[in-house]
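Residue numbers run from 1 in the order of the sequence given.
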Amino acid sequence: MSERSAPPGGLALVQDLVNTLDIESDRDALDTPEGRAPFGLAEDGVASARALRESLRATLLAHAGHPPHREVTPLGELLAQAPLVVTVDPADGSAALAPVDDGPLLARIAAAVAEAVTAGTWNRLKACEAADCHWAYYDRSPAGRGRWCSMQVCGARAKMRRYRAKGA
C-alpha cells in the first residue's frame with residue numbers, strides 16, 4: 001500500500017512481516033509457499049509467525065498512538081523466547097545482539113528490534129491509522145507524527161470522511 005521508502009536496517013524485515021496481511025482484501029501472503037519463502041518459513045511455522053505479526057502490528061499501532069487492533073500476546077513475551085547472542089566485532093569492538101543461528105524468524109525479528117532500539121529508530125516504525133489498512137510504514141516526518149502509510153490513499157480517505165461528516 002505504501003509508497004514510502006524502506007525503513008533502515010533490520011526494520012525492513014519487521015515491516016515486511018507485518019505487511020504480509022492485506023487487511024482490505026483479506027489476503028495473507030503467509031498462505032502461500034512464495035509468501036513464506038522470504039522469511040524462511042515452513043508451513044508448520046505459520047501460526048507462530050502470524051501471532052508474531054499481530055503482536056508487532058499492535059506495537060506499531062501503539063507507536064502511532066493508537067490502541068491495539070485486537071487482543072494479542074504482548075510482543076515482549078514473544079521476543080523473550082528468542083535465542084540471541086551478543087556479538088562483538090573484532091575490528092572496532094562494536095557489540096550487537098544477533099540470532100544464535102539464521103533460522104528462527106522470531107530471533108531475527110528480536111535482533112532487528114534490538115538494533116532499532118539502539119539506533120533510536122524503533123518508535124518510528126508505525127502502523128497506519130486506517131482500520132482497513134494497518135500497513136506498517138517508517139515515519140520519516142520531521143516531527144514523527146505520521147498517521148497513514150500513504151497520504152494519497154489512506155490519508156485522503158480519512159480526510160474525505162471527515163469532510164463528509166461535517167455535512168459539507
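Heavy-atom neighbours of R27 CZ from other residues, nucleotides or ligands within 6.0 Å: at or below the threshold of 12. Within 6.0 Å of the CG atom in D26, the count of heavy atoms belonging to other residues, nucleotides or ligands does not exceed 12.
Exactly one residue among T59, L125, L56 makes a side chain to side chain contact (heavy atoms under 4.5 Å, CB included) with V18. That residue is L56.
Hydrophobic clustering (side-chain heavy atoms under 4.5 Å, transitive across Ile, Leu, Val, Met, Phe, Trp, Tyr) groups L106 together with V117. Put simply, Y137 and L75 are part of two different groups of oily side chains (I, L, V, M, F, W, Y) that touch within less than 4.5 Å, one to the next. When the side chains of ILVMFWY residues are joined at heavy-atom separations under 4.5 Å, either directly or via intervening members, L84 and L105 end up in two distinct hydrophobic clusters. Residues V14 and L21 do not share a hydrophobic cluster, defined by chaining ILVMFWY side chains whose heavy atoms lie under 4.5 Å apart.
Scanning both residues, A127 and A64, for their nearest heavy atoms gives O-CB, 3.9 Å. Here the closest non-hydrogen pair linking A110 and A82 is CB-CB, 3.5 Å. Residues V86 and A95 approach most closely at CG1-CB, 4.4 Å, considering heavy atoms. Residues A114 and L97 come closest through the heavy atom pair CB-CD1, 3.7 Å. Across all their heavy atoms, R36 and L30 have their closest contact at NH1-O, 2.9 Å. Taking all atoms of both residues into account, the shortest heavy-atom contact from L61 to C128 is CD2-O, 3.8 Å.
Within the structure, side chain to side chain donor-acceptor pair (under 3.5 Å) pairs that include any residue of residues 116-125 comprise H63-W122, H63-N123 (at least two apart or interchain).
Here the straight-line distance linking atom CD of E43 with atom OG1 of T32 works out to 10.5 Å at 0.5 Å rounding. Here the CZ atom belonging to R108 is positioned 9.5 Å from the CG atom belonging to D101, to the nearest 0.5 angstrom. In this structure, the separation between CG on D16 and CZ on R53 is 12.5 Å, given to the nearest 0.5 Å. Taking CD1 from I109 and CG from L79, the interatomic distance works out to 8.5 Å, rounded to the nearest 0.5 Å. Between L17 atom CG and L41 atom CG the span is 8.0 Å, to the nearest 0.5 Å. Taken from OG in S5 to OH in Y138, the straight-line distance is 9.5 Å, to the nearest 0.5 Å.
By the side chain to side chain donor-acceptor pair (under 3.5 Å) test, R57 pairs with E54, sequence neighbours left out.
Using modelled atom types, no side-chain atom of D89 and backbone atom of S94 make a donor-acceptor pair closer than 3.5 Å. When atom types are taken as modelled, the side chain of S55 and the backbone of L52 share no donor-acceptor pair closer than 3.5 angstrom.
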